[in-house]
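Input: a single structure, listed below in structure tokens.
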Amino acid sequence: MKKLLLSIILIIAAVALNPPNSNAIAGKQLFKKEECILCHTINKKGGTMGPNLSAIGKIRSYLWIRRQIRNPKLNFFTPNSFVIFHGKIYESIMPANKKISANNLNKLAGYLKSLK
Ligand code: HEC
């Protein structure tokens, strides 16, 4: 009986602790795999063509980040949000990632939202 109770507690602990953790690791890997890292820096690693994302979770919502990955033009080029690049104004110069799966999109956005 004690053993059974212990295993139940361990399973509950594993379920409770694992998903966010493994999601964060998966999100971090996707940041490289989906080539975000070519343009964005997180914790001093990555490119500089796009904004530094080391604390992006502080200023943007989860849904906003998700939208930015699938369709950046929906986030930028509102009257007070546009991109100036080499002296010209653009609605958005980040490439839209249309082929990322919904599952991976959630992991990637969840990882970025966790950066504070
Ligand atoms: C070719 C370079 C490039 C790549 C690749 C790229 N981005 Fe971007 N990203 C940008 C630029 C430039 C901006 C500024 C806004 C815009 O152009 O839409 C931006 C903006 C963002 C923002 C909003 C930053 C802010 O301060 O509001 C997020 C979040 C973001 N990118 C995430 C990603 C993720 C996740 C990926 C990978 C799927 C990615 N980016 C791939 C260039 C890039």
Side-chain angles (χ1 to χ4, degrees):
M1 189 63 197
K2 255 191 191 163
K3 258 192 189 162
L4 181 67
L5 210 64
L6 190 67
S7 358
I8 290 172
I9 290 170
L10 284 178
I11 288 167
I12 291 172
V15 169
L17 295 175
N18 257 336
N21 208 9
S22 55
N23 264 357
I25 293 167
K28 205 172 178 179
Q29 286 166 346
L30 285 166
F31 190 73
K32 282 191 199 146
K33 198 174 152 255
E34 297 293 333
E35 300 184 335
C36 320
I37 198 164
L38 298 180
C39 295
H40 294 284
T41 291
I42 291 178
N43 297 332
K44 304 203 169 95
K45 267 196 216 142
T48 53
M49 186 177 166
N52 187 314
L53 300 181
S54 301
I56 190 69
K58 254 190 219 163
I59 60 161
R60 303 292 190 195
S61 73
Y62 172 75
L63 289 177
W64 196 98
I65 295 172
R66 256 179 131 263
R67 196 161 58 227
Q68 178 68 22
I69 299 168
R70 271 275 164 86
N71 199 346
K73 285 189 171 58
L74 292 178
N75 279 346
F76 284 90
F77 212 58
T78 57
N80 52 10
S81 174
F82 50 81
V83 184
I84 299 173
F85 187 63
H86 285 230
K88 282 191 183 166
I89 295 179
Y90 293 88
E91 37 187 315
S92 163
I93 51 174
M94 172 167 148
N97 191 330
K98 301 275 189 196
K99 56 187 195 334
I100 190 168
S101 71
N103 192 17
N104 283 349
L105 182 61
N106 291 343
K107 286 180 181 157
L108 186 51
Y111 163 64
L112 291 174
K113 181 61 200 167
S114 77
L115 301 176
K116 283 173 186 167

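Keep in mind the model is a prediction, meaning the values are calculated, not measured. Just so you know, ligand 1 is whichever comes first in the structure, and atom 1 is the first atom listed for that ligand.
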[X] heavy atoms, cut-off 4.0 Å: which ligand 1 atoms fall inside?
X: Glu35; result: 5 (C)
X: Leu112; result: 35 (C)
X: Trp64; result: 23 (C), 27 (O)
X: Pro72; result: 18 (O)

For [X], which part has a heavy atom under 4.0 Å from ligand 1: side chain, backbone, both, or neither?
X: His40; answer: side chain
X: Asn75; answer: neither
X: Leu38; answer: neither

Nearest-neighbour protein heavy atom for [atom], which is reported as residue plus atom name and distance:
atom: atom 25 (C) of ligand 1; result: Ile56 CD1, 3.6 Å
atom: atom 37 (C) of ligand 1; result: Cys36 SG, 1.9 Å
atom: atom 17 (O) of ligand 1; result: Ile93 N, 2.8 Å
atom: atom 18 (O) of ligand 1; result: Ser92 OG, 2.6 Å

Point to revise | N or O contact, Met94 vs ligand 1, cut-off under 3.5 Å | key: yes
Check your understanding: Glu34 and Lys99: which non-hydrogen atoms are nearest, and at how many Å?
Key ->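 Of all heavy-atom pairs spanning Glu34 and Lys99, the closest is OE1-NZ, 4.2 Å.
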Exercise for review: Could you tell me whether any N, O or S atom belonging to Cys39 is less than 2.8 Å from atom 8 (Fe) of ligand 1?
Suggested key: no
Could you measure the distance from the [atom1] atom of [X] to the [atom2] atom of [Y]? Nearest 0.5 Å is fine.
X: Leu53; Y: Tyr111; atom1: CG; atom2: OH; answer: 9.0 Å
X: Ile65; Y: Leu108; atom1: CD1; atom2: CG; answer: 9.0 Å
X: Lys33; Y: Asn104; atom1: NZ; atom2: CG; answer: 6.0 Å
X: Asn106; Y: Ile100; atom1: CG; atom2: CD1; answer: 9.0 Å
X: Lys98; Y: Asn71; atom1: NZ; atom2: CG; answer: 4.0 Å
X: Asn52; Y: His40; atom1: CG; atom2: NE2; answer: 9.5 Å

Point to revise | Nearest-option assignment for atom 20 (C) of ligand 1, heavy atoms, candidates Gln68, Arg70, Arg60 | key: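 Considering heavy atoms of Gln68, Arg70, Arg60, the nearest to atom 20 (C) of ligand 1 sits in Gln68.
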Check your understanding: So which of Pro51, Ala96, Ala109, Ala55 gets nearest to atom 14 (C) of ligand 1, if we judge by its closest heavy atom?
Key ->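 Heavy atom nearest to atom 14 (C) of ligand 1 belongs to Pro51.
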